[in-house]
J.: 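Below is one structure. I have some questions about it.
Bear in mind the structure is a predicted one, so any value in this text is a computation, not a measurement. Side chains included, hydrogens not; waters and symmetry mates left out as well; all remaining heavy atoms used. Here is how names work: the chains are called A, B, and so on, in the same order as the sequence lines, proteins then strands, and each is numbered from 1.
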Amino acid sequence: MKISYKWLKELVNIEEKPELLAEDLSMAGLAVDNIEHLGYDSILVLDLTADRGDCLSHVGVGREVATIYGEKLKIPGYGKLNSKENDLDISIEIEAKDLCYRYSGLVMEDVKVGPSPLWLKERLESLGVRSINNVVDITNYLLLETGQPLHAFDYDKLKGHKIIVRRAKDEEKIVTLDSVERVLNENVLVIADESQPVAIAGIMGGEESEVSDNTQRILIECAYFNPLNIRKSSRFLGLSTEASYRFERGVDIGNFINIVKRCAWLIQEICGGRVAGEILDVYPDKLEKKIVKLPLKKVKWLLGVDISAEFIKSILDRLGFEIKDFKNEEMEILVPFHRHDIFRDVDIIGEISRIYGYNKLPSTIPGNESVPIYRSLSKEKENLREFFKGYGFREILTTNFVDEKSNKEFSFFFKGENIKLINPLDEYEPFLRKNLISQMIKTLKTNENNYNKNVKLFELANVHFKIGKEYIEKSLFSIGCYGNIFGENWIFKESPVDYFYLKGLIEKLLIYFKLNEIFFDEANVPFLQKGNSAFLKRKNKVVGYFGRLNFAIEKEMKFKNPIFIGEFQVGELFRNYQSEEKYREFSRFPSIDRDISFLIDKNISYGKIESLIKGMKIDELTEIRLLDVYSGKGIPEDKVSFTIRAIFQKRERTLTDEEADNLRDRIVSLLVKKFKINFR
Amino acid sequence: MRPDFEDILINFKKDVEGVKDIKSFKELRDKYLSKEKGIIPNLMKKIKQIPREEKPEYGKDVNLLKGQITNFLNDLEKKIELVELERKSQSERIDISLPGIDFFVGSFHPVKIVEKEICNIFERMGYFIAEGPEVENDFNNFEALNFPDDHPARDAQDTFFVSEDRYYLLRTHTSPVQIRTMKRYGAPIKIIAPGKVFRRDTPDPTHSPIFHQIEGLVVDKNITMADLKGTLEKFARECFSADTKIRLRPSFFPFVEPGAEVDISCIFCKGKGCRICKNSGWIEILGAGMVHPAVFEKCGIDSEKYSGFAFGLGVDRITILKYGIPDIRLFFENDVRFLEQF
Ligand SMILES: [Zn+2]
């Protein structure tokens, strides 16, 4: 909204320079975006919030200025209208009373259409409105002055001299002022004559009934249309105009007669002509002003500052409110028709506070307590992120929107229905993701393409899907890496990440969080390389997976590095999680190591050996470490050599060598019994 | 002392000159003191062949000789050990200017860093952290927040919908957490709610369809707008710098009244005016206001008894300001060269 500083000064006494005025307006809630200096005038460009339709005019802004500065607003009026000679026939009928609340009109004759006087042209053009002819320019001028859109029809083009405000018929057509043929439907309100629409109500007039150089008789229209309907029609037609913009926000339904008269007077003075009939005013259900009650103590209750009743009264009066009654410290306030944003006491307090000045309020800090709010797993999530950060991983944020393939091929955990956006930004990515891993893989690829080496990433985010009618949100954690564990230098020339790198991290993670029910198992994940990947399980439930990306995918995506990834269900990982830690007594006596080396069939996994030994439940056995794995030269082809170290310790005393030997022998004899092993 | 013993002592002192390291020292010691072949023990053994009357004298002299040599050797050993230690120190010197093991340092995403910093400021003021889902319904996201049915934010142009009837949607702000918290816990409330939000904006340097907000809500008896102002002043000072000022401008949000947009004094030019604050000296960072009674009523809280304030701030925007990031789209590119700077 553009406002002329010069014009504003005609309406209210302003001492302040445009810059200071702009500042003061902004601080009262009418944001001034910038000021255009034209030399002869300054134009304030306002960015108004949607609720302040009343400030889409110079009078509207003038009212605010008058209130801020405590000045009086001078509303422009009209002079004597020449007496009529003829009563021209016209009828106005509102058929769609739900969409048009009031319609006033006045016919004029002997109007000389021509160019506007210079002052009028200049004023319109400085505010970005093109001059058309004197009649149209006057209606536009009044729109900028009062905020009320007016329209002038060529009276002689109105068939039957009738105005019918009705819904358009389906497929009904009209050529609007911009020479575009528009196809309407039943939701669009039109102004029609006897045979056809002559204007799209509140949006744009028709070309056929427009005021042209040959026009001599005109009908001035001043109306109130249902704001929501205008907005919908404007959206439907893809046509937004100065008029529709104002009708959408609601105009002042109470002031029609004055505006019509002022319009007629300006036309008479500028274009000649005279009125040719009475003002027709169709207003079927006269609106009453809203009443709002304001208990004065509520002002302090909400703002935290005392504001005097005198000050409140003067603010409300200048803004156009009427105080109908004031007793028992309660004001009964009538809301003016130009304010469509005031419904209850807090809205009035809003008015008082913005004029009083938000920044004049004192500053206090509430010392209140809250009821405790439970937030699930927040600490665990935080620690999970810290853990991977500590090992050199970097956090990423990826988009929630994916294509069908990402959800179909990479959602390992969740088989629920995809959630599809009705109105996606990118039609190829209309789904909410059900996994994080597909974007982890993409992000690794982006980094590889950008020549980044040794990349380690993680993401913690929510995924979404639907089961039946229920929308489900789950928290996932993904990791991904390629390159070396340590930067290449003279110490570690190469230290490529691999399955055991991830496994080692996850083993430490399980220890760190004391997740001792979780174990590793062979994974069966379509996009992971079989035999190079593992599940994390609790009982039968897969809580996570990790390993090498499937070779076929690596090849298809043209990865140059081996890619290692993993994904975990945060909720499952920490199921029944007890984070309270208790001190446990540790043994103060020395431990004894016993190493055992043996050959065993290749098809027996190390995991089986370890769980067999652990299954013996030897109290003194504190740890088993795998020291060496060897197969190849010097060993039969179907065998593998393991060296394990068993670490024994007693809690209450020093273990003897003999006891340690006996324990080792028990382990050895069980291994011999269960697996055919050869000792070395 | 017997002359032949004197000779032994003279030879011993000559031998000592040849001792350079622990090895030659041990050879020397063995030569004189070794039980089997050592010169001194041999002299001891020879006592049997000495005539009886000379035995006492002989014995005395041997012990004297042994004592002298032993003392000398003990002193020498200490000296040699020092020499050895010095030699070892020299040989095990390393070039301490060589680079160490090249560990990698991880990092958090800058948006998450700032989100945490802001949450911490409010947690210190006694706020609890609350959360809500990203897929919301119309009631929590709009209706209970007093958005009229025809509000433009409800258009498909601005909001992502996930159900045909448009009841389910991606939350457009963190404000629905206000509703969820009030409905579940009632008053009093003092929460901060960080989270992802979604708006149908085409990505450009300042817009992203996915971004992050932090919602604050305080509800109790006697909460005023002055409390809001004081709280935000404290926040601005802690988040930016001790001399940061704030400014409240009246604005409109359906779920607050009075409503405000809040500016901080420009952190780059300290309010003098620069490119970033468009010469105004102020930067807008959040929206705030007093909870609208209609919102309380939707949540079953007595709006005559309780009042409250709410605010919502854009984490991405503050992150951009704090780090001087030129383009919001960098947040979602996840290039390591970007991530490693935080
Ligand atoms: Zn600045």
J.: If you count heavy-atom pairs under 4.5 Å with chain B, which of L30(A), T399(A), D51(A) comes out on top?
T.: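 Heavy-atom pair counts peak at D51(A).
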
J.: Apply side-chain hydrogen bond (donor to acceptor under 3.5 Å, both in side chains) to D335(B) and N452(A), showing your working.
T.: CA-CA 8 Å; D335(B) 190 305; N452(A) 294 323; 2.9 Å; yes

J.: At a heavy-atom distance under 4.5 Å, which candidate from L457(A), D426(A), N454(A), I352(A) has the highest pair count against chain B?
T.: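 Highest number of pairs under 4.5 Å: N454(A).
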
J.: Quick one: which of Q439(A), E386(A), K442(A), K456(A) has the most heavy-atom pairs under 4.5 Å with chain B, could you say?
T.: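 The residue among Q439(A), E386(A), K442(A), K456(A) with the greatest pair count is E386(A).
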
J.: When heavy-atom pairs shorter than 4.5 Å are enumerated against chain B, which of W490(A), Y358(A), W301(A) gives the highest number?
T.: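 Max contact count across the listed options: Y358(A).
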
J.: Any side-chain heavy atom of E257(B) sitting closer than 4.5 Å to one from I349(A)?
T.: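 The answer is no; the side chains never approach within 4.5 Å.
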
J.: Is N137(B) close to chain A through its backbone or its side chain, or both, or neither, when contacts mean heavy atoms under 4.5 Å?
T.: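 For N137(B), no heavy atom lies under 4.5 Å from chain A.
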
J.: Of all of V219(B), L232(B), I101(B), I223(B), which one pairs up most often with chain A through heavy atoms under 4.5 Å apart?
T.: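 Highest number of pairs under 4.5 Å: I101(B).
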
J.: Looking at A130(B), S163(B), G126(B), which has the largest count of heavy-atom pairs under 4.5 Å with chain A?
T.: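 Of A130(B), S163(B), G126(B), S163(B) has the most heavy-atom pairs under 4.5 Å with chain A.
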
J.: Look at the rings of F108(B) and F458(A) and say which category their plane angle falls in: under 30° parallel, 30 to 60° tilted, over 60° perpendicular.
T.: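 It falls in the perpendicular class, over 60°.
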
J.: Test: side-chain hydrogen bond (donor to acceptor under 3.5 Å, both in side chains). Region: residues 98-110 of chain B. Which pairs qualify, not counting sequence neighbours?
T.: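 For residues 98-110 of chain B, and leaving out neighbouring residues, the side-chain hydrogen bond (donor to acceptor under 3.5 Å, both in side chains) pairs sorted by first residue read R394(A)-S107(B).
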
J.: I'd like to check the salt bridge (charged side-chain N to carboxylate O under 4.0 Å, His left out) partners of K229(B); sequence neighbours left out, ordered by chain and number.
T.: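 So K229(B) forms a salt bridge (charged side-chain N to carboxylate O under 4.0 Å, His left out) with E233(B).
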
J.: Report the option among L248(B), N222(B), T181(B) that has the most heavy-atom pairs separated by less than 4.5 Å from atoms of chain A.
T.: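 Option with the greatest count: L248(B).
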
J.: For chain B, which candidate among E382(A), E488(A), R354(A) shows the most heavy-atom pairs at distances under 4.5 Å?
T.: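 Highest number of heavy-atom pairs under 4.5 Å: E382(A).
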
J.: What residue in F103(B), F338(B), F253(B) has the most heavy-atom pairs under 4.5 Å with chain A?
T.: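 Going by pairs under 4.5 Å, I would pick F103(B).
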
J.: As an exercise: rank R235(A), K466(A), E351(A), E459(A) by heavy-atom pairs under 4.5 Å with chain B and give me the winner.
T.: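 Ranked by contacts with chain B, first place is R235(A).
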
J.: Evaluate the side chain to side chain contact (heavy atoms under 4.5 Å, CB included) criterion for residues N447(A) and V336(B): first the C-alpha distance (whole Å), next the side-chain angles of each, then the deciding distance (0.1 Å), finally the verdict.
T.: CA-CA 7 Å; N447(A) 275 287; V336(B) 166; 3.3 Å; yes

J.: State whether R247(B) and E23(A) are salt-bridged, where the test is any N-O pair (Lys NZ or Arg NE/NH1/NH2 against Asp/Glu carboxylate O) under 4.0 Å.
T.: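 Result for this pair is yes, salt bridge flagged.
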
J.: Could you please state which residues from residues 339-347 of chain A sit under 4.5 angstrom from chain B, measuring non-hydrogen atom to non-hydrogen atom, sorted by number, or 'none'?
T.: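 The stretch touches chain B at R344(A), V346(A), D347(A).
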
J.: Quick check for you: among A260(B), G259(B), S251(B), P209(B), which has the greatest number of heavy-atom pairs under 4.5 Å with chain A?
T.: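 Ranked by heavy-atom pairs under 4.5 Å with chain A, first place is G259(B).
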
J.: Given heavy-atom pairs under 4.5 angstrom as the criterion, report whether the side chain, backbone, both or neither of H292(B) touches chain A.
T.: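 Only the side chain of H292(B) comes within 4.5 Å of chain A.
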
J.: Could you check F486(A) against F104(B) for ring-ring contact (aromatic ring centres under 6.0 Å, His included), going step by step and ending with a plain yes or no?
T.: CA-CA 7 Å; F486(A) 301 108; F104(B) 285 114; 8.0 Å; no

J.: Side chain to side chain contact (heavy atoms under 4.5 Å, CB included) with L170(B): which of N400(A), I419(A), L421(A)?
T.: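 With L170(B) as partner, side chain to side chain contact (heavy atoms under 4.5 Å, CB included) holds for just one option, L421(A).
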
J.: Go through the atoms of V218(B) and report whether side chain, backbone, both or neither lie under 4.5 Å from a heavy atom of chain A.
T.: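 Just the side chain, heavy atoms under 4.5 Å.
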
J.: With sequence neighbours left out, write down each residue that passes ring-ring contact (aromatic ring centres under 6.0 Å, His included) with F122(B), or none if nothing qualifies.
T.: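 With sequence neighbours excluded, F122(B) shows a ring-ring contact (aromatic ring centres under 6.0 Å, His included) to Y127(B), F235(B), F311(B), given in chain and number order.
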
